[in-house]
Amino acid sequence: MKFMKLGTKADTFYTEQATRTLISEIVVDLVIQINDITYLLHKLQFPLLPKCGLLQRFCCDTSDSESVSLELHDIPGGEDAFELCAKFCYGIAINISAHNFVSALCAAKFLRMNDSIEKGNFVGKLESFFNSCILEGWKDSIATLQTTATLPEWSENLGIVRKCIDSIIEKILTPPPQVKWSYTYTRPGYTKKQHHSVPKDWWTEDVSDLDIDLFRCIIMAIRSTYVLPPQLIGEALHVYACRWLPGLTKIKSSGSSASQTEESKEKNRKILETIVSMIPADRGSVSVGFLFRLLSISIHLGVSSVTKTELIRRASLQFEEATVSDLLYPSTSSSDQNYYDTELVLAVLETFLKLWKRMSPGAVDNSYFLRSIRNVGKLIDSYLQVVARDDNMQVSKFVSLAETVPSIAREDHDDLYQSISIYLKFYTEQVHPDLSKADKKRLCGILDCQRLSPEVRAHAVKNELLPLRTVVQLLYFEQDKGSKATTSHKLPKPHEILLGAKHRPATATTKEEFNREEIRERDHHKTKRSDGKLLALDLEKKMAIRGEDIEETQSEKARGVKDASSSSGKVDLDPKKIIRRARSKSEHGVKK
């Protein structure tokens with residue numbers, strides 16, 4: 001950082017209560033009041049009046065021996081800026097740098113310390129330093145532009161803002177090999193000693209120190225040149241957001257909403273909306289993960305619906321590029337008890353599907369669009385496996401998100417089964433040991449047993465957390481799709497499982513009923529049913545009916561009525577036991 005030193009005398013200014021004066025034997029004849037500070041100075045003995053055109057005008061009607069009192073409360077930069085001007089007049093040593101240049105120049109202009117008043121005056125020296133040093137430096141221009149925020153109107157009128165922005169843009173557009181000035185670059189793993197070449201985004205961190213309005217001026221000016229690629233503009237926006245917006249670290253603070261004042265929320269809201277408005281229209285100019293982070297924060301800050309809709313649209317365009325970690329953001333809604341914000345993911349997914357249907361009417365025949373939606377389907381199933389461990393995850397929300405994915409988006413249901421299995425296991429272990437039958441039925445209703453791989457189907461048959469109906473369907477398709485077991489240990493047929501044919505001798509009446517039922521089922525299957533699920537449901541109904549027959553038989557036995565088959569032992573047709581026997585046989589067959 002460059003600086004300019006003026007004057008050679010020692011600083012003899014001192015403070016006594018609210019008064020500033022300097023050590024001198026000369027009588028004070030000029031009193032200047034600025035805010036709460038009173039300056040006791042001298043008119044002619046020191047070159048104060050000769051260098052200040054404004055003070056000359058105020059004192060022109062007074063005699064040399066007469067004391068003058070003035071109030072300069074509206075001087076730009078306040079008492080600090082005035083004191084720099086006063087010390088310059090007294091010849092006291094001062095240092096001018098990018099940090100105090102703006103206030104010094106504005107105050108000098110206010111006091112009319114131009115070369116027309118006296119040659120070599122303060123304004124001329126300051127302007128020379130500005131043009132030859134500050135505008136030639138990178139960090140000096142940035143620092144000077146930052147300080148203009150304290151005096152925006154003066155800085156704008158004096159051309160300081162425009163000149164600084166032009167200087168910064170010129171340097172940003174300089175090819176990286178020609179960058180010779182110092183810059184800030186603190187990316188993880190980057191060291192200047194190991195990298196001799198200048199990175200393309202070398203300027204992004206220094207520019208992120210600016211106020212959002214100044215930052216916007218620079219970014220929009222750069223975009224208008226079409227010199228830098230959209231990805232580089234997007235990187236600058238990402239760096240700025242990380243610098244100023246809270247919450248981008250994905251850490252959920254329990255008291256974040258309470259601790260953040262309305263003023264700071266309004267400021268952050270403006271920053272976020274401005275950043276979104278500057279994102280280049282080019283796909284991939286920013287990452288989908290960055291868009292999700294902005295979307296998560298926007299919900300907390302309560303940004304405009306226009307901004308939120310635009311973020312959802314932009315995120316949906318790149319949804320297939322997302323990873324599970326990109327979607328894992330805590331819910332900021334007070335009404336949502338879930339840890340993860342599934343509503344956010346659902347909103348982006350629905351928008352993606354609308355765009356996908358609009359852009360790919362023949363997606364089945366188009367490999368790109370098919371691959372796109374398959375990626376999204378796999379992403380959602382992987383996401384469900386993570387949110388399934390959320391203690392407060394409701395079945396309705398879980399099912400709603402899973403059902404939103406169209407059938408074409410899933411090549412199989414293996415990942416979906418895995419997420420359901422995790423949900424059932426985690427819920428019974430961590431929340432409540434008994435999930436209601438209705439919830440289990442609704443949860444497993446989204447699963448298509450025909451689209452499970454043989455390995456996953458074999459695992460599901462032994463999963464005791466699944467409802468009875470799902471197990472029956474699985475057993476049927478295990479048999480129907482021909483899980484090739486050995487002849488000696490082949491899987492029992494569904495009717496054998498349900499009727500317990502292998503565990504008891506059947507009476508003549510039972511055999512006749514079975515034969516009639518088998519013929520009726522086969523004829524009915526040929527005429528109306530090709531769907532395996534419906535057959536499995538029929539089998540389940542038969543099992544329920546058979547269970548009623550068992551109860552009647554047991555009741556008759558209690559009244560002392562003996563059946564011809566009682567000599568062969570007690571009949572055990574408990575549905576749950578039947579399923580367990582089928583599972584054990586299935587497992588035994590697979591091992592063989």
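We use all heavy atoms of the structure for the numbers below, so side chains are in, but hydrogens, waters and symmetry mates are not.
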Going by atom types only, do T15 and R20 share a side-chain donor-acceptor pair under 3.5 Å? yes

Check K87 against I94 and note the closest heavy-atom contact, atom names and distance. CB-CG2, 3.7 Å

Where does the angle between the aromatic ring planes of F319 and F292 fall among parallel (under 30°), tilted (30 to 60°) and perpendicular (over 60°)? tilted

Donor-acceptor pair, R283 side chain versus L317 backbone, under 3.5 Å? yes

Do E320 and K378 pass the salt bridge (charged side-chain N to carboxylate O under 4.0 Å, His left out) test, and can you show the C-alpha distance, the side-chain angles, and the key distance before you say yes or no? CA-CA 10 Å; E320 61 178 294; K378 194 168 187 64; over 6 Å; no

Plane angle bin for Y90 and H42 - parallel if under 30°, tilted between 30 and 60°, otherwise perpendicular: perpendicular

Can you find a side-chain donor-acceptor pair between T323 and D326 that sits under 3.5 Å? yes

Quick check against the 3.5 Å criterion: does N121 have a side-chain atom that pairs as donor or acceptor with the backbone of V123? no

K171 atom NZ, over 12 foreign heavy atoms within 6.0 Å: yes

Taking the side chain as every heavy atom from C-beta outward, state whether W181 and T174 have any atom pair closer than 4.5 Å. yes

Taking the six-membered ring for Trp and the single ring otherwise, decide whether the centroids of W202 and Y185 are under 6.0 Å apart. no

Given C133, which partner from the list M4, M1, K2 fulfils the side chain to side chain contact (heavy atoms under 4.5 Å, CB included) test? K2

Carefully, step by step, assess R187 and E205 under the rule salt bridge (charged side-chain N to carboxylate O under 4.0 Å, His left out). CA-CA 9 Å; R187 300 294 196 282; E205 290 189 35; 2.6 Å; yes

Can the ring centres of Y329 and Y340 be said to be less than 6.0 Å apart? no

Please check this pair: side chain of W244 against backbone of V239, looking for a donor-acceptor N/O pair closer than 3.5 Å. no

pair L49-C59: side-chain heavy atoms closer than 4.5 Å: yes

Crowded around D74 CG? As in, over 12 foreign heavy atoms under 6.0 Å? yes

Would you say T204 and E235 are linked by a side-chain donor-acceptor pair, where the criterion is simply a distance under 3.5 Å? no

Measure across L232 and K200 and return the closest heavy-atom pair with its distance rounded to 0.1 Å. CD2-O, 3.7 Å

Parallel, tilted or perpendicular: which describes the rings of F101 and F130, with under 30° parallel and over 60° perpendicular? parallel

Report yes or no: does S372 contribute a side-chain atom to a donor-acceptor pair with the main-chain N or O of Y368 at less than 3.5 Å? no

Do K125 and D115 pass the salt bridge (charged side-chain N to carboxylate O under 4.0 Å, His left out) test, and can you show the C-alpha distance, the side-chain angles, and the key distance before you say yes or no? CA-CA 9 Å; K125 293 185 179 297; D115 285 354; over 6 Å; no

Go through the steps for L353 and L349 under the test side chain to side chain contact (heavy atoms under 4.5 Å, CB included), then give the verdict. CA-CA 6 Å; L353 293 175; L349 174 60; 4.3 Å; yes

Between the side chains of Q146 and D211, does any donor sit under 3.5 Å from an acceptor? no

Are R112 and E118 within salt-bridge range, i.e. N to O under 4.0 Å? no

Looking at every non-hydrogen atom in both residues, tell me the closest pair between P76 and A81 and how far apart they are. O-CB, 3.5 Å

Could you check whether any side-chain N or O of S285 sits under 3.5 Å from a backbone N or O of A281, counting only pairs where one atom can act as donor and the other as acceptor? no

Taking atom types as modelled, is there a side-chain donor on S331 or E343 under 3.5 Å from an acceptor on the other? no

With heavy-atom distances below 4.5 Å as the criterion, would you say the side chains of V286 and H238 are in contact? no

Donor-acceptor side-chain pairing of T309 and R314 below 3.5 angstrom: no

A quick test of your reading: do over 12 heavy atoms of other residues, nucleotides or ligands sit less than 6.0 Å from CZ of R374? yes

Is the number of heavy atoms from other residues, nucleotides or ligands within 6.0 Å of OH (Y14) greater than 12? yes

Taking C-beta and beyond as the side chain, do D11 and L22 meet within less than 4.5 Å on heavy atoms? no

A side-chain contact here means heavy atoms from C-beta on lying under 4.5 Å apart; do T21 and Y39 qualify? no

So, T307 and S304: side-chain donor and acceptor under 3.5 Å apart, yes or no? yes

In sequence, state the C-alpha distance, the side-chain angles, and the governing distance for K267 and E262, and then conclude on salt bridge (charged side-chain N to carboxylate O under 4.0 Å, His left out). CA-CA 9 Å; K267 178 183 177 182; E262 189 59 36; over 6 Å; no

With sequence neighbours excluded, tell me which residues meet side-chain contact (heavy atoms from CB on, under 4.5 Å) with S116. N114

Can you tell me which residue pairs pass the side-chain hydrogen bond (donor to acceptor under 3.5 Å, both in side chains) test with a partner in residues 131-143, sequence neighbours excluded? W138-D206, K139-T184, S141-S167

Given side chains that start at C-beta, do those of I37 and T19 come closer than 4.5 Å, heavy atoms only? no

Quick check: do S67 and V28 have side-chain heavy atoms less than 4.5 Å from each other? no

Non-hydrogen side-chain atoms of L158 and V102 separated by less than 4.5 Å: no

